[in-house]
Novice: 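So that we are looking at the same thing, I have put the structure below in structure tokens.
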Amino acid sequence: MPGQAFVESAPVVDIPPDPELLLVRVPVAVLLGFVVAAVYHAAHGRRGVPTTLRTTLVLLCVLVAIVTIVIGNNLARAFGLVGALSIVRFRTVVADTRDTAFVIFAVVIGMAAGAGYILLTVIAIPAVLVAAMVMTLVDGRQSGFAATLTVKFALTAKPEEVIAAVFARHGVTGDLSGAGSAKQGAAVELKYKVRLPTPAAIAAVAADLHRTEGVQGVEVKANGEE
């Protein structure tokens with residue numbers, strides 16, 4: 001139209017990340033990933049620690065840092081990566097709710113490293129370590145040995161009485177975490193998350209259950225075993 005001014009927008013220039021920035025932030029993210037895994041290990045005390053999750057924390061920290069560098073200030077690229085990553089599905093169930101917090105911790109540290117907020121990581125990591133260690137001491141998780149106990153009972157047995165008696169004899173504490181049928185419905189399988197006084201108590205508990213009438217099978221697995 002006459003008198004109407006048209007302003008042509010300048011093309012958006014996609015500038016790749018500075019190589020010096022990559023050579024600093026990516027190695028720092030690797031180092032911080034190992035620190036996050038170390039904090040996770042320390043916070044678990046003497047419990048069984050899944051090695052796969054420690055590896056995941058390290059890799060997650062590095063990958064999130066790289067993604068953060070790739071996105072930069074480009075909003076379109078951010079939406080593109082969200083769409084691309086949305087096809088990934090994880091089916092692994094996290095056994096301990098605290099593990100979820102450490103996964104988020106690795107993501108946050110990775111984002112901070114990728115964005116260049118190194119001072120933030122220097123403050124955040126000790127803060128999380130102190131908080132995790134204090135809560136570990138408060139809830140008493142450092143005492144005992146964590147394991148998963150699976151017992152097959154005959155349908156005529158009384159699982160509650162059997163388990164209570166065996167736990168009392170060996171100083172075991174635990175809770176029922178799952179149940180199901182076994183041997184084509186001829187038996188019931190119960191799974192317990194337990195804490196034993198020592199790792200050696202595993203054999204004693206298994207032997208005691210095997211000698212108990214109505215017990216058809218016993219499996220004890222230390223938490224963290226693959």
Novice: In Å, rounded to the nearest 0.5 Å, how long is the span from CD1 of Ile109 to CG of Leu120?
Specialist: 6.5 Å
Novice: Quick one: closest heavy-atom pair of Thr121 and Ala112, and the distance?
Specialist: CG2-CB, 3.6 Å
Novice: Check whether Val103 and Val64 end up in the same hydrophobic cluster, where Ile, Leu, Val, Met, Phe, Trp and Tyr are linked by side-chain heavy atoms less than 4.5 Å apart.
Specialist: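 Yes, Val103 and Val64 fall within the same hydrophobic cluster.
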Novice: His210: which residues meet the side chain to side chain donor-acceptor pair (under 3.5 Å) condition with it, sequence neighbours left out?
Specialist: none
Novice: Is there a side-chain contact between Tyr192 and Thr148 in this structure, where contact means two heavy atoms from C-beta onward sitting under 4.5 Å apart?
Specialist: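 Side chain of Tyr192 against side chain of Thr148, heavy atoms only: no contact under 4.5 Å found.
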Novice: Any donor-acceptor pair under 3.5 Å linking the side chain of Arg54 with the backbone of Ala37?
Specialist: no
Novice: In terms of heavy-atom contacts, does OH of Tyr117 have more than 12 from other residues, nucleotides or ligands at under 6.0 Å?
Specialist: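 Not buried by this count: 12 neighbours or fewer within 6.0 Å.
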Novice: Starting from the C-alpha separation in whole Å, work towards a yes-or-no answer on side-chain contact (heavy atoms from CB on, under 4.5 Å) for Leu196 and Val194.
Specialist: CA-CA 6 Å; Leu196 302 100; Val194 299; 3.9 Å; yes
Novice: Apply side-chain contact (heavy atoms from CB on, under 4.5 Å) to residues Val39 and Phe102 and explain how you reach the verdict.
Specialist: CA-CA 9 Å; Val39 171; Phe102 278 98; 3.8 Å; yes
Novice: Under the salt bridge (Lys or Arg N to Asp or Glu O under 4.0 Å) definition, can you give me all pairs with a residue in residues 114-128, not counting sequence neighbours?
Specialist: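 Not a single pair qualifies under salt bridge (Lys or Arg N to Asp or Glu O under 4.0 Å).
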Novice: Could you pull out the closest heavy-atom pair between Gln216 and Ala187, with the gap in Å?
Specialist: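 For Gln216 versus Ala187, the nearest heavy atoms are OE1-CB, 3.3 Å.
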Novice: Kindly give the heavy-atom pair with the smallest separation between Val220 and Ala147, and that separation in Å.
Specialist: CG1-CB, 4.2 Å
Novice: Passes side-chain contact (heavy atoms from CB on, under 4.5 Å), Leu60 versus Val107? Steps please.
Specialist: CA-CA 6 Å; Leu60 191 59; Val107 170; 3.7 Å; yes
Novice: Would a hydrophobic clustering, with Ile, Leu, Val, Met, Phe, Trp and Tyr connected at side-chain separations under 4.5 Å, put Leu57 with Ile125?
Specialist: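 Yes, one cluster joins them.
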Novice: Membership question, hydrophobic clusters at under 4.5 Å side-chain separation (ILVMFWY): are Val36 and Ile123 in the same one?
Specialist: no
Novice: On a heavy-atom basis, which atom in Ile69 and which in Gly114 lie closest, and how many Å separate them?
Specialist: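 Closest approach of Ile69 to Gly114: CG1-O, 3.4 Å.
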Novice: For Glu219, which residues count as a side chain to side chain donor-acceptor pair (under 3.5 Å) partner, sequence neighbours excluded?
Specialist: none
Novice: What distance separates Leu209 CG from His170 NE2, expressed to the nearest 0.5 Å?
Specialist: 7.5 Å
Novice: Looking at Ser177 and Lys191, would you say the former's side chain and the latter's main chain have a donor-acceptor pair under 3.5 Å?
Specialist: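 Flag set: sc Ser177 to bb Lys191 pair under 3.5 Å.
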Novice: Could you grab the distance from atom CG of Asp99 to atom OG1 of Thr56, nearest 0.5 Å is fine?
Specialist: 10.5 Å
Novice: Can you run down the salt bridge (Lys or Arg N to Asp or Glu O under 4.0 Å) pairs that involve residues 123-132, sequence neighbours left out, and say none if there aren't any?
Specialist: none
Novice: Please report the closest heavy-atom contact between Leu32 and Ala113, naming both atoms and the distance.
Specialist: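 For Leu32 versus Ala113, the nearest heavy atoms are CD1-CB, 3.9 Å.
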Novice: Keeping to residues at least two apart or across chains, list the salt bridge (Lys or Arg N to Asp or Glu O under 4.0 Å) pairs with something in residues 148-158.
Specialist: Lys152-Glu189
Novice: Over all heavy atoms of both residues, which pair between Arg169 and Asp208 is shortest? Give the atoms and the distance, please.
Specialist: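 Shortest heavy-atom contact: NE-OD2, 2.9 Å.
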Novice: Honestly curious: do Leu155 and Val218 fall in one hydrophobic cluster under the side-chain, below-4.5 Å linking rule?
Specialist: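 Unlinked, Leu155 and Val218 end up in two clusters.
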Novice: Under 4.5 Å between any side-chain heavy atoms of Val172 and Val166, yes or no?
Specialist: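 Val172 does not reach Val166 side chain to side chain.
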Novice: side-chain contact (heavy atoms from CB on, under 4.5 Å) for Leu190 and Ile163? Distances and angles first, verdict last.
Specialist: CA-CA 10 Å; Leu190 302 180; Ile163 292 297; 5.7 Å; no
Novice: Under a single-linkage definition using a 4.5 Å side-chain heavy-atom cutoff for Ile, Leu, Val, Met, Phe, Trp and Tyr, are Val162 and Phe167 assigned to the same hydrophobic cluster?
Specialist: yes
Novice: Report the hydrophobic cluster partners of Ile104, with the cluster defined as I, L, V, M, F, W, Y residues connected by side-chain heavy atoms closer than 4.5 angstrom, directly or transitively.
Specialist: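 Under the 4.5 Å side-chain rule, Ile104 groups with Val108.
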